[in-house]
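Excluded from the calculations below are hydrogen atoms, water molecules and symmetry mates; all remaining heavy atoms, backbone and side chain alike, are included.
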Amino acid sequence: MGEPTGHGPDTEGATVPAGGHVLGVDSGGSGLRIAVARADDPAARPLATYASNEPVRIGPDGIDAGHLLSQLLPAAEELRREVGAVRFTAGCVGAAGMATLGDELRARLPAELATAFGVRRLALAADAVTAYAGALGQRPGAVVAAGTGMIALGTDPTGSGGWRRADGWGHLLGDCGSGAWIGRAGLEAAMRAYDGRPGGSAALLARAEAMFGPVTGLPGALYPRPDRPAVLASFAPEVGRCAADDAVADGILRAAAGHIADAAAAVCPPGADSAVAYTGGLFGMGEPLLAPLRTALAERLPDARPAAAAGSPLDGALTIAAALAGDRLTLPADLKLLQITRPAPG
């Protein structure tokens with residue numbers, strides 16, 4: 001599959017191939033995912049993919065661009081050869097922490113990808129933006145992305161507004177309704193039961209001791225750990241399993257659903273054409289969380305249309321890259337959330 005010879009107009013006066021291939025990257029806490037799609041495929045369906053379970057390191061200067069590139073460049077070259085691409089017309093790199101920790105990525109990636117693959121247009125996006133694009137494409141609405149953490153993002157690409165963000169402030173200051181939030185609330189209920197205080201749950205106490213051992217050892221085992229949010233989130237499924245028969249666990253999930261819906265309502269643009277979707281591993285918990293969430297969303301956003309998430313953040317990265325290649329990108333540019341560059345090879 002070679003590079004087509006037709007050309008389309010570039011917004012800065014140059015030309016870019018009308019077809020060709022695009023590169024999508026999703027970097028998160030569980031590792032790095034890379035995919036290639038046809039630039040002229042409206043659905044940006046992946047032709048080939050790569051996944052690594054090694055998360056990109058975060059250092060004193062933020063996300064480690066060198067570590068990301070050490071994984072990305074050889075994997076992308078392998079994918080390029082697999083699909084028979086000459087180069088990548090455009091690309092999108094979505095990364096957890098891009099908004100606040102992505103300065104080194106913004107400084108290095110455009111030139112590196114231009115040199116290695118001839119990338120003429122590059123989008124550097126927060127993972128919430130690629131989650132939005134994967135779930136809703138370029139439609140107006142709101143997307144809640146929830147796993148260990150939780151963030152809501154909304155926009156109306158047909159209007160003049162930019163991005164609206166709610167939460168995503170980490171497990172100490174926010175991420176309300178997230179896996180870490182649910183897990184922490186469940187473990188608190190277990191400790192209350194151990195102490196004999198009101199609000200405790202004997203069922204959650206039993207689950208906590210089966211999972212972690214005697215709960216008196218939890219503070220010493222939990223507080224020093226750098227992956228504390230993930231450890232807290234690992235208990236969230238236990239809260240879900242108890243919810244059908246335990247009022248305290250059920251109440252935790254109902255409260256979490258309310259927090260998630262509050263965040264969606266804070267960012268969803270007004271209007272009946274707005275869609276609301278949720279994506280991320282937390283929602284694999286199923287009906288114990290989804291049922292109260294549907295109720296909470298209907299109460300807070302009665303005019304918005306619930307929508308099933310069409311794809312993953314990696315799908316969203318490909319969607320943005322393909323739209324960028326074809327001058328079809330309507331999602332709002334933003335220096336931190338969605339930066340668009342047109343790099344020249346170094």
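- Sorted by first and then second residue, the pairs that involve residues 130-152 and meet side chain to side chain donor-acceptor pair (under 3.5 Å), not counting sequence neighbours, are Q138-T330.
- E77 CD: more than 12 foreign heavy atoms inside a 6.0 Å radius.
- With hydrogens and angles disregarded, no donor-acceptor distance shorter than 3.5 Å links the side chain of R342 to the backbone of R120.
- Just one residue in the list D175, I151, V144, L153 forms a side-chain contact (heavy atoms from CB on, under 4.5 Å) with D167, and that residue is D175.
- Under a cut-off of 6.0 angstrom, the local environment of OH in Y194 is sparse, with at most 12 non-hydrogen atoms contributed by other residues, nucleotides or ligands.
- Among all heavy-atom pairs drawn from R33 and A51, the shortest one is CG-CB, 4.1 Å.
- Formation of a donor-acceptor pair under 3.5 Å by the D64 side chain with backbone atoms of H67 is found in this model.
- Under 4.0 Å is where a charged nitrogen must lie from a carboxylate oxygen, and between K336 and D334 no such pair does.
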Quick one, W181 with H259, criterion ring-ring contact (aromatic ring centres under 6.0 Å, His included). Give me CA distance, side-chain angles, the key distance, then yes/no.
CA-CA 10 Å; W181 187 95; H259 287 308; 5.0 Å; yes
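- Using a cutoff of 4.0 Å between basic side-chain nitrogens and carboxylate oxygens, R241 and D246 are not scored as salt-bridged.
- The pair R121-D327 meets the salt-bridge criterion, with a side-chain N (NZ, NE, NH1 or NH2) lying under 4.0 Å from an Asp/Glu carboxylate O.
- A salt bridge is defined here as a Lys NZ or Arg NE, NH1 or NH2 lying under 4.0 Å from an Asp or Glu carboxylate O, and R294 with E287 meets this definition.
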Criterion salt bridge (Lys or Arg N to Asp or Glu O under 4.0 Å) on D103 and R106, from CA distance to verdict
CA-CA 5 Å; D103 287 349; R106 285 185 282 269; 2.8 Å; yes
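- For D195 (side chain) and R197 (main-chain N/O), no donor-acceptor pair under 3.5 Å exists by modelled atom type.
- Between F212 and S234, some side-chain heavy-atom pair lies under the 4.5 Å cut-off.
- A donor-acceptor pair under 3.5 Å is formed between the side chain of D315 and the backbone N or O of S312.
- The shortest side-chain heavy-atom distance between V36 and R80 does not fall under the 4.5 Å cut-off.
- T155 has its side chain within reach of W163: a pair of non-hydrogen atoms, C-beta onward, lies under 4.5 Å apart.
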